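Have a look at the structure below, then the notes.
Each chain gets a letter, A, B and so on, in the order the sequences are listed, and its residues count up from 1. Fair warning: this is a prediction, and the values are worked out from it, not measured in the lab.
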There are 2 protein chains.
Amino acid sequence: MPVTPTKKEPGTAERCLDIAERLVQLRGFNNFSYADIARELGITTASLHYHFPGKAELGHALIARYTERFLAALGYIEHEQSDANAKLEAYAGLYADVLRDQRMCLCGILAAEYQTLPEPMRAAVTHFFDENQKWLVAVLTQGQADHTLRITGSTDELAHTIISTLEGAMLVARPYGEPAIFNSTTRHLLGSLTN
Amino acid sequence: MPVTPTKKEPGTAERCLDIAERLVQLRGFNNFSYADIARELGITTASLHYHFPGKAELGHALIARYTERFLAALGYIEHEQSDANAKLEAYAGLYADVLRDQRMCLCGILAAEYQTLPEPMRAAVTHFFDENQKWLVAVLTQGQADHTLRITGSTDELAHTIISTLEGAMLVARPYGEPAIFNSTTRHLLGSLTN
DNA sequence: GTCTATAGGCAGATAGAC
DNA sequence: GTCTATCTGCCTATAGAC
């Protein structure tokens, strides 16, 4: 076993996920092919099947990695920020980061294609939203307790609204090719909780 | 030319649009085929090409009809309701109607696939959102003037937020198969403007 | 791990008869 | 308007050599 003191550089499987992730976020799961990945990767489609038996498995791996990273970022926010307001600001920032290069949230675009996805991918998509919901409710509950947030209605309802607004803002902003629409919506959403 | 005193029943082209519209709203534009429509319609795919030369033309016709009907509904609301609050309530109601049978807003799901659409379809999608935006700004401006709505920030920003929230709420609610999530988000959104 | 070769299916589309 | 027949292209996937 070789000693690798420097950070391990990504193998083929990882680079495949990077490429596929970008393609799904741009076009959707059903609108890219193994050939697209193979071309960018410089190998054949047959080789791809060595790393991921089928497209369904690749898709599931995509969601798993995306969710893992996203939840890690939520944990980081929880650790770095103490103020509920700052947490929400950082949360919206995660979405703004995703929107770079006209990308849509991976699970957002998969939600649009939900009816065409294999079962394991479906479960992974709803799991992503469930975890987001849980995290937000905790933050909102905190902000409600210490009166740093102005909350009307239930925290559950508000958490849903926040997720919906951010996902919808990405969805609608993308055709216009400028993040300004997303940013103004985000500003309004957060502003309505702070005033 | 035959006299047709009773309402003309839909021809093949119209029924084709009905079927295609449902399929797009459920699966997306790239996830259904001429064969799907032909099967439901009881004719062959070759016959479909008589009514719509290609899928791009069919897609454009779908958006055109959908937009026409949606804008007609907005005009109807404008005519029936005088209160800005009631107009917004009715506007959200339109979205709730769309969500029936797990359907997504046609232009919302096309926004997700935007990068893969032919140019004419792209223009038609943004036109739909532009018209929604214009209508909402007018309603919000009215509500601001007569103090029936509590508006923070610009009406433009708020209009974007409303569209984003409703589109996002549909997107996220669909995987869960119950309109409850959509409805609670709608309630919260409208509530934040009325209080 | 990656290749060549190839299978088998389905997609959108066209020609031409009726 | 609708049909049969057919084309071409792309897709996912597999077998088997290296």
Side-chain angles (χ1 to χ4, degrees), chain A residues 1-2 4 8-24 26-63 109-110 113 115-122, chain B residues 1-2 4 8-63 109-110 113 115-122 124:
Chain A
M1 228 179 279
T4 55
K8 188 179 53 181
E9 48 194 70
T12 304
E14 205 68 21
R15 283 191 294 151
C16 171
L17 287 175
D18 291 338
I19 295 168
E21 183 178 73
R22 199 188 93 254
L23 290 173
V24 173
L26 290 178
R27 305 189 209 158
F29 185 68
N30 297 295
N31 303 320
F32 81 97
S33 68
Y34 265 43
D36 293 325
I37 304 173
R39 199 178 309 117
E40 268 193 66
L41 210 46
I43 63 175
T44 64
T45 61
S47 302
L48 283 180
H49 283 279
Y50 169 80
H51 300 282
F52 302 95
K55 208 182 173 186
E57 288 78 15
L58 169 60
H60 190 269
L62 278 177
I63 309 173
I109 203 163
L110 291 177
E113 304 180 280
Q115 303 263 16
T116 73
L117 301 180
E119 229 300 304
M121 288 185 67
R122 292 189 185 192
Chain B
M1 229 179 276
T4 55
K8 187 178 51 181
E9 50 193 68
T12 304
E14 205 69 20
R15 284 191 294 152
C16 172
L17 288 174
D18 291 338
I19 295 168
E21 183 177 73
R22 199 189 93 254
L23 290 174
V24 174
Q25 289 185 271
L26 291 178
R27 306 189 208 158
F29 185 68
N30 297 295
N31 302 319
F32 81 96
S33 68
Y34 265 44
D36 293 325
I37 304 173
R39 198 178 309 115
E40 268 193 66
L41 210 46
I43 64 175
T44 64
T45 61
S47 303
L48 284 180
H49 283 278
Y50 168 81
H51 300 281
F52 302 95
K55 208 182 174 187
E57 287 78 16
L58 169 59
H60 190 270
L62 278 177
I63 309 173
I109 202 163
L110 291 177
E113 304 179 281
Q115 303 264 16
T116 73
L117 301 180
E119 228 300 303
M121 287 184 67
R122 292 189 184 192

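- Dashed line: the shortest gap from a side-chain N or O of Thr12(A) to OP1 or OP2 of dG1(C) is not under 4.0 Å.
- We find that CG of Leu41(A) is positioned 11 Å from C1' of dT2(C), with the value rounded to whole Å.
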Distances under 3.5 Å between protein N/O atoms and the N/O atoms of nucleotides 11-13 of chain C, please, pair by pair.
unit_1, atom_1, unit_2, atom_2, d
dA11(C), OP1, Ser33(B), OG, 3.2
dG12(C), OP1, Phe32(B), O, 3.4
dG12(C), OP1, Lys55(B), NZ, 3.0
dG12(C), OP2, Tyr34(B), N, 3.0
dA13(C), OP2, Lys55(B), N, 2.9
dA13(C), N7, His49(B), NE2, 3.4

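- Rounded to a whole Å, the OH atom of Tyr50(A) is 6 Å from the C1' atom of dG1(C).
- For the OP1/OP2 pair of dT2(C) and a distance below 4.0 Å, the side-chain nitrogens and oxygens of Thr44(A) include no atom meeting the criterion.
- By the side-chain hydrogen bond (donor to acceptor under 3.5 Å, both in side chains) test, Gln115(B) pairs with no residue at all, sequence neighbours left out.
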Applying side-chain contact (heavy atoms from CB on, under 4.5 Å), run through Ile37(A) and Leu58(A) and close with a yes or a no. CA-CA 11 Å; Ile37(A) 304 173; Leu58(A) 169 60; 3.8 Å; yes

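- In this model, the phosphate group of dG1(C) is not approached by any side-chain N or O of Ser47(A) to a distance below 4.0 Å at OP1 or OP2.
- Atom CG of Asn31(A) is separated from atom P of dC11(D) by 11 Å (rounded to the nearest Å).
- Sorted by first then second residue, the salt bridge (charged side-chain N to carboxylate O under 4.0 Å, His left out) pairs that include residues 26-45 of chain B, not counting sequence neighbours, are Arg22(B)-Glu40(B), Arg27(B)-Asp36(B), Asp36(B)-Arg39(B).
- At whole-Å resolution of the value, CG in Asn30(B) and P in dC10(C) are 18 Å apart.
- Contacts of Asn31(A) classified as side-chain hydrogen bond (donor to acceptor under 3.5 Å, both in side chains), with partners at least two apart in sequence or in another chain: Asn30(B).
- Looking at Tyr34(A), its side chain never comes within 3.5 Å of a backbone N or O of Ala46(A) through a donor-acceptor pair.
- Here side chain to side chain donor-acceptor pair (under 3.5 Å) pairs that include residues 41-58 of chain B, with residues two or more places apart or in two chains, are Thr44(B)-Ser47(B).
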